[in-house]
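To find a chain, count down the sequence lines: A is the first, B the second, and so on, and within it residues start at 1.
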2 protein chains.
Amino acid sequence: MAIGASLPGLEKKSLREQALAALRRAITSGELRQGQHLVETELSEMLGISRGTLREALRQLEQEGLASAGPRGRLSVRHLDPKEIRDIFAVRGVLESLAARTLIEQPRRAKAVGELRDALENMDEASGRSLEDRIEADLDFHRLLCRLSGNETLLHQWQSLEGSIRMSIMFAGLERATSNMSVDRHRDIVDAIESGDAVTARETILAHMESASNNLVSED
Amino acid sequence: MAIGASLPGLEKKSLREQALAALRRAITSGELRQGQHLVETELSEMLGISRGTLREALRQLEQEGLASAGPRGRLSVRHLDPKEIRDIFAVRGVLESLAARTLIEQPRRAKAVGELRDALENMDEASGRSLEDRIEADLDFHRLLCRLSGNETLLHQWQSLEGSIRMSIMFAGLERATSNMSVDRHRDIVDAIESGDAVTARETILAHMESASNNLVSED
DNA sequence: CATATCATGAGTGTCAACGATTGTCGGATG
DNA sequence: CATCCGACAATCGTTGACACTCATGATATG
């Protein structure tokens, strides 16, 4: 049997993780609207999994801030108001600033800078494609920054915000999101890291995040 | 009707939350040792709850970083090495710095400063009591700082580190932990916030965290 | 008509028991 | 001694059931 050849992927994740990914996607894509009530029995049927397994996924979803619990454990898709978006981006800003600072303190950061430039490259290529691709490339860059810091806790915390970040972008609508994905602004960050200037790196990132959240919640 | 006055509290938490709290406590108190394998059937029996309910709690524990999954989903109590402790405290540092900065930017921060001074008071009183009480008072102070920032995301992220922080202190042993709980050093933070000096506040907090993690992992 | 009471339904919390899969360990066997 | 085999352990996931709580609407009562 010509095994393996056609096996699409060894990506055998547990059902719980698949369910979690599906739910994340459904929320950040707007398929499930903000405030919408998440009914265990419905969802477990839709996803074709048992309630128990689904509940495990929901717990995680809750901790990622994509769902919030009302009275009596009723979960609904979290609603993000402008203040919360600003708050999320403020936290994100300090996390990524720390990543930059950590990276700068590492003597051999040339390789990391190279990888970041590759990520910039990807963003550039994606700029012609769909908005989703661009968002993906953008988040890839920022996630990579955190990963390269070598601080697992930092990466983990950033990732636990990732869903909320996606939701914020969703919430903002597509035009406003676009202005945050300029390659140039991201290049400034990499330049600052490469030059070893921690203060500038930090200020660049914080400014980037502040303007990003301003764009996302602007009222026009 | 003078009811309720004496009603101690209808704080009926779900079994899942109680289990989670019990597990947290067991880990941060050292009752469950680092690296120890967490067997679902054993734990569910010990806690007197079903496996399903326990599993939900375990997922949460995992996301808090108190347990880590080995191959094929086997969970064990997370092992923290010195680098991880430093990493945790670095993240904690930037989170609390953000809290301080946010607090400073609020025009009416006098009340918050008052509450922080109360917390200092508590730390002072606790300094004569058991080490656990002092740890509690210390963490209360830092958690309060995050809460007063009004940034729910920030508070949430901090709390998701709280278990790891407790573990770090555990891991360090009791003597080394003590030196991190000086009231004076904490007063410096409050003073900086009160004076509205964001830069000093940030530097004070980061220095505090760096020296704290140094103390915790020092090799003597 | 207004109000109090009750039946019903939806949804979550929790449990118990089961099957499937996979890794582990102790032997029996050549 | 190496290897294969079988029992065991443990997790993943499922199913089905029951209790509890709350909202809702119907009904009975004044």
Round to a whole Å and report the spacing from [atom1] of [X] to [atom2] of [N].
X: B:L47; N: C:dA16; atom1: CG; atom2: P; answer: 13 Å
X: A:L75; N: C:dA10; atom1: CG; atom2: C1'; answer: 16 Å
X: B:L20; N: C:dG13; atom1: CG; atom2: P; answer: 14 Å

Sugar-phosphate only, base, or nothing, as touched by B:G52 at under 4.0 Å among non-hydrogen atoms: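 If one applies the 4.0 Å heavy-atom cut-off, B:G52 turns out to touch nothing in the nucleic acid.
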
Taking the minimum atom-to-atom distance to the side chain of [X], which one of [options] wins?
X: A:T53; options: C:dT22, C:dT14, D:dT14; result: D:dT14
X: B:R72; options: C:dT14, C:dG13, D:dA10; result: D:dA10
X: B:S50; options: C:dT14, C:dT12, C:dC18; result: C:dT14
X: B:V39; options: C:dT14, D:dG13, D:dA10; result: D:dA10

Test B:R24 against every option in B:E64, B:E17, B:E162 by the salt bridge (Lys or Arg N to Asp or Glu O under 4.0 Å) rule and name the one that passes.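 It is B:E64; the other options fail the test.
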
Using a cut-off of less than 4.0 Å, is there contact between a side-chain N or O of [X] and OP1 or OP2 of [N]?
X: A:R55; N: C:dG13; answer: yes
X: A:R59; N: C:dG13; answer: yes
X: B:T41; N: D:dA9; answer: no

Donor/acceptor link under 3.5 angstrom from A:R51 side chain onto base of C:dG13: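 Answer yes: a donor N or O sits under 3.5 Å from an acceptor.
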
Under a plain distance cut-off of 3.5 Å, with no hydrogens placed, do B:Q157 and A:S160 share a side-chain donor-acceptor pair?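 The answer is yes; a qualifying pair exists.
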
Applying the side chain to side chain donor-acceptor pair (under 3.5 Å) test to A:H186, which of A:N180, A:D138, A:D124 qualifies?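 Single pass found, and it is A:D138.
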
